[in-house]
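First the proteins, then the strands, lettered A, B, ... as listed; each starts at 1.
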Number of protein chains: 2
Amino acid sequence: MNRMSQTSQEGMTAKKAENFDDWYTQVILKGEIADYSPVSGCLAYRPSGYAIWENIQRATDVEFKAAGIQNTYFPLFIPERLLKKEQEHVEGFSPEVAWVTEAGNSKLEERLAIRPTSETVMYEVVKKWIRSWRDLPLRLNQWNSVVRWEFRHPTPFLRSREFLWNEGHTIFATKAEADAERDQILGIYKKITEEYLALPGYMGRKTDSEKFAGALASYSIEHLLPDGKAIQGPDFHSDGQKFSKAFDITFIDDKGATQHAWQNTFAISTREIGVMLAVHSDDKGAVVPPWISQIQVVIVPIMTDENREKVLAEASKLYEGLRVRFRTKLDDREHLTPGRKFNEWELKGVPLRVEIGPRDITAGQAVLVRRDTGAKKAAKLEGLEEEVAKELAEIHHGLLERAKALLKKNTYSASTYDDLKKMLAKGGVVRAPWCESAECEAKLKEETGGKIINIPMEQRKRAAKCVLCGKPAAVVVNFAKSY
Amino acid sequence: MNRMSQTSQEGMTAKKAENFDDWYTQVILKGEIADYSPVSGCLAYRPSGYAIWENIQRATDVEFKAAGIQNTYFPLFIPERLLKKEQEHVEGFSPEVAWVTEAGNSKLEERLAIRPTSETVMYEVVKKWIRSWRDLPLRLNQWNSVVRWEFRHPTPFLRSREFLWNEGHTIFATKAEADAERDQILGIYKKITEEYLALPGYMGRKTDSEKFAGALASYSIEHLLPDGKAIQGPDFHSDGQKFSKAFDITFIDDKGATQHAWQNTFAISTREIGVMLAVHSDDKGAVVPPWISQIQVVIVPIMTDENREKVLAEASKLYEGLRVRFRTKLDDREHLTPGRKFNEWELKGVPLRVEIGPRDITAGQAVLVRRDTGAKKAAKLEGLEEEVAKELAEIHHGLLERAKALLKKNTYSASTYDDLKKMLAKGGVVRAPWCESAECEAKLKEETGGKIINIPMEQRKRAAKCVLCGKPAAVVVNFAKSY
């Protein structure tokens, strides 16, 4: 482990367009978002990075609670025999489970999995809470950390062995009710990714080979990274009665008959922080959208030894006015020049900088500088709060629009396999018809390294031929190389 | 595992005064606060139980952030070599560490501890974030779960193998600054325990034999359980330079010299939920103080088939008025009698019940029933929000005052060892002089099963003799049998 974080104030050296991987690492380390830890694949979140997660979590939690979902907490450990209860599920997860085998000086009688996800440990308990249809729906959620011991090269936030997430687990009496939840939850995730993270994405159903281990159908929002690779964002799984049958989750219906319940699961994770940083940040460092940034506004007083007292007094007044409405920082450090401060806050991604110096005070103004565009603008001290609110909203809007335009620009249509291959090699999302056969899907994966990232839920009726085999195609799907 | 939770509506059978252990278990299971899980010693938190923790967490987090403490997140895993870096620390924790030794199908090269506490994994990283005195203080916190694989009989909340907590980790340039934090943090914990949990306690310093593994000095708030045993609540540890020397946490001071930093750690855990339930609950079930209860007010309409519509309309109006200010539930279930509903909400501990029936509507009133005292009171519908606010505040105040009175009543003074032994056997806290020798402390432990729970920080000067050996005693301490 190097002492990279100690060099943070030296600024970025890698370029986003030239070396995405190095650039991404610098954004996180030099921007003081997170640091490596002594355990490979597990991150140490620095305060500004963890605050981003807290803000995502809070916004999502408000939506969940308004929808009637309640929070719970279940054990970190899952006994091996439980994890094995649903066959597809255990096959999907066992290659990357971390196992506790010893406690103190004793060997455990049964291995305990560190939860890679909590279906099995939750359902074994929750089934006792349900007797009749009156106890349903039971819509639970937990915010926790899970461990998936991937053996591929870890990347901060994007591919971690431990990550933080929500895991929603909901139980319904009927398939119709369970199905109706899908659009509500995906709608919440779309709102969070767009209105907080300023991240657009393509929503759709995963193919059978890509769905969650144990689900009937999986749905996702897929983002596009600046290196041309797609990456899966929040997801939703229709589990049908798979787990309710494996775990015996039954209820007595209104006619007195015993039925198995219908279930869904859904998640948004700290991976979103990585996607957000990768999409918005630039060669000066991190760019963090205002509604999720730990600090929204930083005030930098421009002062000399002669006017220090006067400028600081005015800057403090400004701070007291702004901090009521915005997460505001007054950078009154004396040993750094304004230029050094500008660089530092740019590196850290604070959305808006407010500069105030003696000439500004005379003119009754301050200077607002946007992190995303660098645009400068003088604004009257009188009514500055309103101006700051407007700027922050514009920064958010600008980031989202730019990201949407980028996604659109990097989305192509292909009608031949040759075109598809060329486009996938270039990077981006390619839309093309598919016959829904697993053979064509596997062939594409093998020959191009790309895959079907998802199948848009709304499909226009059209006569098209599978881009791979030429047979009639029922759907147009999103292809991409993917993380 | 039995299907106990399915019998929850059958009500309590155990009595608090007769069989505390069974009663406590019934309060938790029948009150639907938590359930057993398939892993012994690890709880499944039901929504109302987890909401209590969310409310404690939120209130504490607001205080921490106002004090300038920032949240972070560090890995769940600690490599064995790191855990061993501070000798006293590893000796204190290794008997109860859960070890990950395998991942997927591979054996790990080095065992990974599931964090029992995060000093070692945090300090190995955090030391890189500090260069000069300007980077200090660095005051960090994380909300997470930790695992201590105790081999004693687990008790829900009070003694769990996995529990949720905050772990504060703060780093200062000088001993004076580090010491000054103690009263601030203990003040926050006192505020949270009293103003939210309605729990009094005795604050004091732990003896050397009872302090945290690796600390110079530990401080605690000690609560008293209804069975006469004391139990340690939130704590604060002055770690001095022990960890900064073991982990090389240094900074360059304002004269250019390299120094080791001064550190503190502090925690409040889900154990408080258990103490709170044990102290306040009664033979009807759980009693939860209003500011931490998931539901603060439950409205139960009293209706027959003839007046259902009219009563429900009025109850809904009431609900709409109350839910803006209070966490309110309208219990409009049709298949249960009001009596069954009363029992259920009493079992679950909702602080205030609002009854409204046809005669109340005619009289323009509702009936407020306190969970803690059972007191009933009619209140005008006009201005009911104010009346409810007043009642909730009185419930909180009443719970705290009763708990304080109980603590006082069960606190004794002893001047002879015989008296001390008799009082300890009876249960409660006993104040008596102690000579500060480890021999007397060990003797008491061996002969009575009790211990010194802590040493009050404010000591009056007086000439007293050690209750054990008769030599001059420097301090009066709190003795008790303890969890």
Worksheet item: Does NZ in B:K329 sit with more than 12 non-hydrogen atoms of other residues, nucleotides or ligands closer than 6.0 Å?
Response: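 Open.
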
Worksheet entry | Within 6.0 Å of NZ in A:K85, more than 12 heavy atoms from elsewhere |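 Above 12, so yes.
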
Mind checking whether [X] and [Y] have side chains closer than 4.5 Å, heavy atoms only?
{"X": "B:D35", "Y": "A:W129", "value": "yes"}
{"X": "A:F77", "Y": "B:P38", "value": "no"}
{"X": "B:L136", "Y": "B:W133", "value": "no"}
{"X": "B:M122", "Y": "B:E119", "value": "no"}
{"X": "B:F243", "Y": "B:I171", "value": "no"}
{"X": "A:R333", "Y": "A:E344", "value": "yes"}

Worksheet item: Is there any salt bridge (Lys or Arg N to Asp or Glu O under 4.0 Å) pair reaching into residues 136-146 of chain B, and which pairs are they, with sequence neighbours excluded?
Response: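 As it turns out, the salt bridge (Lys or Arg N to Asp or Glu O under 4.0 Å) pairs with a partner in residues 136-146 of chain B, which skip direct neighbours, are B:R139-B:E181.
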
Discussion item. Please classify the contact of A:R148 with chain B as side chain, backbone, both or neither, using a heavy-atom distance under 4.5 Å.
Written reply: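 Answer is neither: A:R148 stays 4.5 Å or more from chain B.
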
Fill in: Option in A:N144, A:V121, A:L43 with maximal non-hydrogen atom pairs under 4.5 Å from chain B
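The option with the most such pairs is A:L43.
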
Under 4.5 Å heavy-atom distance to chain A, tell me which part of [X] shows up: side chain, backbone, both or neither.
{"X": "B:F151", "value": "side chain"}
{"X": "B:L82", "value": "side chain"}
{"X": "B:E54", "value": "side chain"}
{"X": "B:V126", "value": "neither"}
{"X": "B:Q294", "value": "side chain"}

Practice prompt. Spell out the residues in residues 65-74 of chain A that have some non-hydrogen atom less than 4.5 Å away from a non-hydrogen atom of chain B, in order of number; otherwise answer 'none'.
Written response: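 The list, in residue order, reads A:K65, A:Q70, A:N71, A:T72, A:Y73, A:F74.
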
Worksheet entry | Spacing of B:L347 atom CG and B:E32 atom CD [to the nearest 0.5 Å] |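 Answer rounded to 0.5 Å: 7.5 Å.
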
Worksheet item: Among B:C42, B:S48, B:A51, B:G41, which residue forms the greatest number of heavy-atom pairs with chain A at distances under 4.5 Å?
Response: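 Top count of heavy-atom pairs under 4.5 Å with chain A: B:C42.
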
Discussion item. Please output the residues of residues 160-170 of chain B in contact with chain A, using a heavy-atom cutoff of under 4.5 Å, in numerical order.
Written reply: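 The stretch touches chain A at B:E162, B:L164.
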
Discussion item. Taking salt bridge (Lys or Arg N to Asp or Glu O under 4.0 Å) as the criterion, tell me which of A:K341, A:R340, A:K348 meets it with A:D331.
Written reply: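 Exactly one candidate clears the test, A:K341.
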
Would you mind writing out the side-chain donor-acceptor pairs for residues 95-108 of chain A within the sub-3.5 Å range, not counting sequence neighbours?
from	atom 1	to	atom 2	distance (Å)
A:T101	OG1	B:T101	OG1	2.6
A:E102	OE1	B:R111	NH1	2.6

Practice prompt. Identify the two heavy atoms, one from B:E80 and one from B:E110, that lie closest to each other, and give their separation to 0.1 Å.
Written response: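 Looking at all heavy atoms of both residues, the shortest contact is N-OE2, 3.3 Å.
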
